[in-house]
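Note that the numbering runs from 1 along the sequence shown for the chain.
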Amino acid sequence: MKKIVALLLALIVVFSIVGCAPKAEPPVFSLQMISNTFVHDGAELKIEKPDFAKMSATDGAQFTKNGADVFLYYYDNNKALDAAIKDNASLSAFTRNENILLNTTDAELIDLFKSIEKKAENPEEK
């Protein structure tokens with residue numbers, strides 16, 4: 001009887017520890033990954049570190065393609081980006097892909113930016 005009680009207590013402790021484990025944050029995209037994709041698509045890196053602080057971002061890059069300016073703003077995680085959008089509603093007009101915002105009028109780059117997640121999940125797609 002003591003063994004059964006001890007086993008039950010051990011199971012309760014184990015399940016309590018597992019149940020209290022913090023939830024993993026969804027994966028974030030790196031600014032370098034997005035930048036490399038844009039350069040490969042023909043965009044030219046204009047400024048590696050534009051004034052991204054005014055957007056509450058932690059990093060950023062500026063490109064040009066077909067005469068259009070392209071701005072990427074990187075946030076450490078989705079929570080940080082959500083907080084920035086809450087503080088600055090104009091950011092919600094930018095195109096979002098996970099933890100990175102894109103500000104451009106170039107429709108091709110917007111489509112490419114939106115497709116990057118799909119390409120990361122299915123690398124054999126071109």
Side-chain angles (χ1 to χ4, degrees):
M1 181 72 174
K2 288 182 182 180
K3 288 183 181 181
I4 293 174
V5 172
L7 179 61
L8 287 174
L9 286 175
L11 286 173
I12 290 171
V13 169
V14 168
F15 285 120
S16 296
I17 292 171
V18 171
C20 294
K23 294 182 181 177
E25 178 103 9
V28 294
F29 290 111
S30 73
L31 183 65
Q32 190 63 46
M33 180 183 85
I34 305 285
S35 295
N36 289 344
T37 302
F38 280 13
V39 169
H40 185 265
D41 193 58
E44 180 182 324
L45 182 62
K46 188 173 178 182
I47 302 172
E48 190 168 356
K49 304 288 183 188
D51 186 14
F52 51 82
K54 67 182 177 184
M55 301 296 187
S56 302
T58 54
D59 203 354
Q62 181 180 352
F63 301 87
T64 56
K65 184 174 181 196
N66 302 330
D69 284 326
V70 181
F71 298 91
L72 287 174
Y73 299 104
Y74 174 84
Y75 298 82
D76 288 330
N77 53 46
N78 290 320
K79 259 185 171 174
L81 178 49
D82 290 339
I85 290 171
K86 186 177 180 183
D87 291 342
N88 184 351
S90 65
L91 295 178
S92 64
F94 298 165
T95 306
R96 179 177 182 166
N97 195 344
E98 294 296 328
N99 60 310
I100 298 179
L101 287 179
L102 170 70
N103 182 12
T104 187
T105 57
D106 188 304
E108 287 179 26
L109 281 179
I110 291 171
D111 290 341
L112 177 63
F113 182 68
K114 289 179 179 178
S115 73
I116 289 174
E117 181 177 20
K118 184 177 180 186
K119 287 182 177 185
E121 291 174 357
N122 302 308
E124 60 276 348
E125 284 188 20
K126 293 184 180 179

**Report entry** Any donor-acceptor N/O pair, T104 side chain to D69 backbone, under 3.5 Å
**Finding:** yes

Query raised in the report: Got a second to check how far T37's OG1 is from L112's CG, nearest 0.5 Å?
Result: 6.5 Å

Requested in this report: Please report the closest heavy-atom contact between A84 and L91, naming both atoms and the distance.
Outcome: O-CD1, 3.7 Å

Query raised in the report: Within the distance-only criterion (no hydrogens, no angle test), does the side chain of N77 pair as donor or acceptor with the backbone N or O of K79 below 3.5 angstrom?
Result: yes

**Report entry** Check against side chain to side chain contact (heavy atoms under 4.5 Å, CB included), F71 and L101
**Finding:** CA-CA 8 Å; F71 298 91; L101 287 179; over 6 Å; no

Query raised in the report: What closest approach, in Å, do Y74 and A57 show between heavy atoms, and which atom pair accounts for it?
Result: O-CB, 3.3 Å

Query raised in the report: Hey, what do you get for CG (L102) to CZ (F38), rounding to the nearest 0.5 Å?
Result: 5.0 Å

**Report entry** Short side-chain to backbone donor-acceptor contact, N103 and F94, under 3.5 Å
**Finding:** no

Report task. Nearest 0.5 Å please: distance from the CG atom of N88 over to the NZ atom of K54. Result -> 10.5 Å

**Report entry** Nearest-0.5 Å distance, NZ of residue K114 to CZ of residue R96
**Finding:** 14.0 Å

Report summary line: Heavy atoms of K65 and D106 approach each other most closely as O-OD2, 3.8 Å

Report summary line: Rounding to 0.5 Å, atoms CD1 (I100) and CG (L72) come to a distance of 6.5 Å

Requested in this report: Measure across M55 and Y73 and return the closest heavy-atom pair with its distance rounded to 0.1 Å.
Outcome: CG-CE2, 3.6 Å

**Report entry** Euclidean distance, F63 CZ relative to S35 OG, rounded to 0.5 Å
**Finding:** 3.5 Å

